[in-house]
Each structure stands twice: as structure tokens, then as C-alpha cells.
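Throughout, a chain's letter reflects where its sequence line sits, starting with A, and its residues are numbered from 1. Model, not experiment: these values are computed from the prediction.
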There are 2 protein chains.
Amino acid sequence: MKLKLPSETVFHTIESTIKEYRKFAQQNISEAIPEMTIDQGLVLLFLNKFPEMTQKEIAELVFKDNASMTRMINTMVKKNFIKRSMNDSDRRRYKLEITTKGKEVLETLPPIIHHNRNSSLKGISKNELEQLQAILNKIRLNCQNK
Amino acid sequence: MKLKLPSETVFHTIESTIKEYRKFAQQNISEAIPEMTIDQGLVLLFLNKFPEMTQKEIAELVFKDNASMTRMINTMVKKNFIKRSMNDSDRRRYKLEITTKGKEVLETLPPIIHHNRNSSLKGISKNELEQLQAILNKIRLNCQNK
DNA sequence: GTAATATATTTGATATATCAATTATATTTG
DNA sequence: CAAATATAATTGATATATCAAATATATTAC
């Protein structure tokens, strides 16, 4: 069976691209906000936009499972970015509140994220971006429907 | 600062695509070969093709750092897929040998990988694949040159 | 040839990924 | 309403990710 080496496939390219972007973005974030990871930043952004969101819902949006999300929230609480409090209308879930420190991060973060996205997409046309999304979505759907 | 939600960006699409592919591929591998992860499979493929490869070199090809690779090799040794032995020409590095069990995996794995790649890329033209690679490479380079 | 530097790998610490099992609370069904 | 089922979150176990520091061996420079 003749098989392309993994490093010659498009999957390798996808992996290396997203990893390179993550590294790049993380560096820029770390310079401005110590102790803050990309994913923790995303959680803050989502919570800020949708304050009622449950851990489970956030988890889906950032591609984590519930167990990972529990632990991520734990460390974010330990680092004082957010606070857990009881949700009386449904006591299985928590209310997640952004602390003052978390709100400061929400001031600092957006320009950095904006810069990260912009400079990593420099020289790429709107049309190219749409094609990229379309092709990736095809692959994603192929993987889901089996 | 108006910022797109993370879930509306191309980075989200890239992440979800590669994660969906990994989940899909891992399921198919697990059905045939228990205890074997995608990345461990890739390590075997590379080692088989380039028997002299060091842990460091393999690590680069599968996007791990050296520490992760050390631990991955440890578990692959524990599971008896490969064997470490001394390399007398350079005693800092190991010789990594594929065991009989590892060789059996190398018989079973390629058709599965072939199927994984093929079915996830179904309906995507050669031209689209090239575009995809080209655009991703642009992004990757943008991230590296900062 | 020895000291300084470089390289390959490991280890420790902490965070995250993943699966399966558990807990606590809600909802549904008979 | 009580029993069965569903849901949100946690926990345990194991693997991996990442950074920094440590080890052991090689190479280079003086």
C-alpha cells in the first residue's frame, strides 16, 4: 500500500497552520497579559457577550469537553478572572461572573486579538477566505457524516 | 473595539475541521487497533520510513516538543510498539526499533489511514486542495515572520 | 587537551485532553 | 407523586502540551 507520508498531506498543513497561529497569538497575549492563555481569553469573550452561558455551552464553542472546561474554569477562578456563584433557577449549573480583574483583561485583549487576526491574514483576499472556509467545511462535513 | 466572535473567524473553522478529522480518524483506528493513537501511528510510519530518525526529528514532523515526544515514546515502549536501544555512534540519542507488534500495526494501519484521508476529502477537487494548501501556507508564513 | 558551548534527551511542574464513572439536581412518564 | 430518565458539572485515571531546568554526551575554540 503506497501511502503519502503524513507530512505531505493537507492535514499536516492544516495542523501546522493552526499551531503556528496559536503560538503567534499566544506570544502576543502573554506579552501583555501574563497568566492568560488564548483559550481562557476566548472564554472571557464569550462570557462577556453571553453572560448566561453555561460551562457546557462555552465548552462547545471552544472545542473542549466538559471535563476540560471544569478544570479550565477552576484555574480561571484560581487566577481571579472569574467567579462562580450559585444559579438558583437551576442548581445544577453555575453562574459565571467576570471579576474586576477579568474586566480589565477584556479591555486589554481585544486590540491584541484584532492585531493577531489581522496580521496573520495579511495579503489574503476576502474571496480566498471564503474559499478556505468553504473547502474546510466540506472536509468537516465529510468527517461528521460517517 | 468591535471584534468578531471567535466562533465567526476562519481560525475557528480551521480548528473545528482538524478536530473533527482527528476524531473521525481516531475512531476508525481504535476500532482496528486498540491502544493506538493517531500520533503514535504517525510516529511508527515515520520511523518505518526513516529508521535512523531521532526523537527530536520525529517530534518536529508531528508537531510535538521534545518533552512530549519523550513521554510519547515512553508509552509506546510500555505498550510494546517500539524498543529503545543504545546508539553507539552518538550516545546522547537512542536507536528506536519497531517491535514485531509494531510491525503488525504497520500492516493494519495504512489501509485505515488511506480510507480516513480519502473519505474526508471526498468531493474535493485537486484544484481546491491546492488552493487550500496555498492559502493556509500564507497564513502560516504570516505567523512565522513576526 | 581542556574549557566553553552545543545537542539530545529527560524530568518537574502545571495545564489541558479524553474517557468513564459519579453526584446533584431537573424533567418526564406512568 | 414516585420512579425512570435526562442534564450540568465534577472526579479519577491516563496521556499529552509546554516551559524551564537538569543530565549526559559531543563538538568547537583556545
key: Asn137(A) side chain reached by Thr13(B) side chain, heavy atoms, under 4.5 Å   = yes

ask   = OP1 or OP2 of dA24(C) sitting under 4.0 Å from any side-chain N/O of Arg92(A)?
value = no

Separation of atom CD1 in Ile73(A) from atom P in dA17(C), rounded to whole Å = 12 Å

Sugar-phosphate only, base, or nothing, as touched by Ser68(A) at under 4.0 Å among non-hydrogen atoms = base

Note, Leu45(B) side chain near Ile113(B) side chain (heavy atom, < 4.5 Å) = yes

request  = May I have the distance from Glu20(A) (atom CD) to dT18(D) (atom P), rounded to whole angstrom?
outcome  = 11 Å

inquiry  = Tell me the interatomic distance from Arg93(A), atom CZ, to dA6(D), atom P, rounded to whole angstroms.
reply    = 18 Å

key: Charged N-O contact under 4.0 Å between Asp39(A) and Arg22(A)   = yes

task = Just call it for Met72(A): base, sugar-phosphate, or nothing, with non-hydrogen atoms closer than 4.0 Å on any strand.
result = sugar-phosphate

request  = Return the value, rounded to whole Å, for the distance between atom NZ of Lys64(B) and atom P of dT9(C).
outcome  = 17 Å

message = Does a side-chain N or O of Arg84(A) approach OP1 or OP2 of dT10(D) to a distance below 4.0 Å, or not?
response = yes

task = Ignoring backbone atoms, establish whether Thr70(B) has a side-chain N or O less than 4.0 Å from OP1 or OP2 of dT11(C).
result = no

request  = Over 60° means perpendicular and under 30° means parallel, so classify the ring planes of Tyr21(A) and Phe11(B), tilted if in between.
outcome  = parallel

task = Would you mind reporting whether Thr54(A) and Asn87(A) have side-chain heavy atoms less than 4.5 Å apart?
result = no

request  = Would you indicate, yes or no, if dA15(C) has its OP1 or OP2 atom less than 4.0 angstrom from a side-chain nitrogen or oxygen of Gln40(A)?
outcome  = no

note = When rounded to whole Å, the CD to P distance for the pair Glu60(A) and dA8(D) reads 9 Å

query = Do Val62(B) and Met69(B) have side chains that get closer than 4.5 Å, going by heavy atoms?
reply = yes

task = For Lys19(A) and for Asn66(A), locate the closest nucleotide of DNA chain D by heavy-atom distance; then report the residue assigned to the nucleotide nearer the 5' terminus.
result = Asn66(A)

ask   = Just to confirm, is there a sub-4.0 Å distance from OP1 or OP2 of dT9(C) to any side-chain nitrogen or oxygen of Lys56(B)?
value = no

ask   = Looking at side-chain heavy atoms only, is the closest gap between Gln40(B) and Met72(B) below 4.5 Å?
value = yes

query = If you check the Tyr94(B) side chain, which of dA15(D), dT9(C), dA15(C) turns out closest?
reply = dT9(C)

query = Between dT10(C) atom C1' and Asp65(B) atom CG, what is the distance in whole Å?
reply = 12 Å

message = Any N or O donor-acceptor pair under 3.5 Å from the base of dT18(C) to the side chain of Arg71(A)?
response = yes

Distance test, side-chain N/O of Lys78(A) to OP1/OP2 of dA15(C), below 4.0 Å = yes

request  = Take atom CD of Gln26(A) and atom C1' of dA17(D), then tell me their distance rounded to the nearest Å.
outcome  = 12 Å

task = Measure the spacing between CD1 of Ile82(A) and NZ of Lys95(A) and express it to the nearest 0.5 Å.
result = 14.5 Å

ask   = Where does DNA chain C form stems of at least three consecutive Watson-Crick or G-U wobble pairs, each pair having both distances below 3.5 Å?
value = C:1-30 with D:1-30

query = 5'-most contact on DNA chain C: Lys23(B) or Thr75(A), nearest heavy atom basis?
reply = Thr75(A)

task = Report the distance from atom CE of Met36(A) to atom P of dT16(C), rounded to the nearest whole Å.
result = 11 Å

note = By nearest-nucleotide position on DNA chain C, the 5'-leaning member of Asp90(A) and Asn74(B) is Asn74(B)

